[in-house]
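Small disclaimer: the values here were computed from a predicted structure and weren't measured.
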Amino acid sequence: MKKYYLSLIVLTMVLVAASLVALWVGSKYYLPVLSALPLYFAIVNGSMHMGLEKSFYKDPRTFVKNVLGITVGSLFLHLIVLFIWSFTHIATAKIFIVGFCICYPTYLVFETLSLVLMIRNKRKEANQ
């Protein structure tokens, strides 16, 4: 679990650094909230992973149901945040959506790979 959180922090810091470099370059389309967007995704994915890992070790039979439920729940949470920002900040909605569309697949792939590796490691431990 420590390895996951360390990797999550590194990924988040890389994305925050990339967004700060975009600010430093001085793009007129840059929003300061784009630097905080990776932190939002890190918090959501970190709590999601913690819940799924506890679920996996508690009762592996319900793990698939929990993965699907938590994934759909986080998708709806992300859509709600996206729509609220888009409707309340109409002038900057396009830039926010682009930043969101960069962060979402990045963290989705990261979460999927970490879950696959967690399951694989558990199966190797069980077979030994």
Side-chain angles (χ1 to χ4, degrees):
M1 195 148 145
K2 286 182 182 180
K3 186 177 179 181
Y4 169 78
Y5 286 113
L6 182 64
S7 301
L8 181 65
I9 290 170
V10 168
L11 175 65
T12 303
M13 290 301 121
V14 166
L15 288 175
V16 167
S19 67
L20 291 175
V21 166
L23 175 65
W24 183 64
V25 170
S27 174
K28 66 179 182 175
Y29 299 112
Y30 183 79
L31 292 175
V33 75
L34 293 179
S35 296
L37 200 56
L39 299 174
Y40 160 75
F41 277 102
I43 291 169
V44 170
N45 279 7
S47 59
M48 192 170 104
H49 185 80
M50 184 171 58
L52 289 174
E53 190 167 1
K54 286 180 183 178
S55 167
F56 180 71
Y57 288 118
K58 186 184 257 184
D59 188 10
R61 293 175 290 176
T62 61
F63 177 70
V64 174
K65 293 177 190 175
N66 292 338
V67 167
L68 294 176
I70 289 176
T71 302
V72 169
S74 71
L75 176 64
F76 282 124
L77 174 69
H78 294 325
L79 287 174
I80 288 169
V81 167
L82 192 62
F83 283 126
I84 288 174
W85 182 273
S86 297
F87 289 131
T88 58
H89 300 84
I90 295 173
T92 60
K94 289 180 184 177
I95 300 165
F96 184 78
I97 290 172
V98 168
F100 206 90
C101 289
I102 290 170
C103 287
Y104 180 73
T106 304
Y107 280 97
L108 181 67
V109 168
F110 176 73
E111 181 66 28
T112 303
L113 288 175
S114 64
L115 285 174
V116 167
L117 291 175
M118 180 185 74
I119 293 169
R120 204 177 278 170
N121 288 339
K122 180 67 175 177
R123 285 184 182 165
K124 283 182 183 178
E125 291 173 4
N127 289 336
Q128 291 178 356

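- The aromatic rings of Y4 and F110 lie parallel to each other, with less than 30° between the two planes, well short of the 60° mark.
- K122 has its side chain within reach of Y57: a pair of non-hydrogen atoms, C-beta onward, lies under 4.5 Å apart.
- Of the possible donor and acceptor atoms, none in the side chain of T71 sits under 3.5 Å from a partner among the backbone N and O of L68.
- In this structure the side chain of Y40 reaches within 4.5 angstrom of the side chain of L77, judged on heavy atoms.
- Side-chain contact check for R120 versus V116: some heavy-atom pair is nearer than 4.5 Å.
- Considering only heavy atoms from C-beta on, T92 comes within 4.5 Å of W85 through its side chain.
- The distance from the CE atom of M50 to the CG atom of N45 is 12.5 Å, given to the nearest 0.5 Å.
- The CG atom of L52 sits 4.0 Å away from atom CD1 of I70, with the distance rounded to the nearest 0.5 Å.
- The two residues I102 and P105 make their nearest non-hydrogen contact at O-CD, 3.7 Å.
- One distance of note links CE of M118 with CZ of R123; it measures 10.5 Å at 0.5 Å rounding.
- Using a 4.5 Å cut-off on side-chain heavy atoms (C-beta onward), S86 and I97 make contact.
- Looking at every heavy atom in both residues, S35 comes nearest to L20 through OG-CD2, 3.4 Å.
- The two residues L34 and G99 make their nearest non-hydrogen contact at CD2-CA, 4.0 Å.
- Under a hydrophobic clustering in which Ile, Leu, Val, Met, Phe, Trp and Tyr are joined whenever their side-chain heavy atoms come within less than 4.5 Å, directly or via other members, Y104 and L115 fall into different clusters.
- The shortest side-chain heavy-atom distance between F100 and L79 does not fall under the 4.5 Å cut-off.
- Distance check: L117 CG to K124 NZ gives 9.0 Å after rounding to the nearest 0.5 Å.
- When all heavy atoms of P38 and T12 are compared, the closest pair comes out as O-CG2, 3.8 Å.
- One finds the NE2 atom of H78 at 13.5 Å from the CZ atom of F83 (value rounded to the nearest 0.5 Å).
- Here OG of S114 is found 12.0 Å from OH of Y107. Values are rounded to the nearest 0.5 Å.
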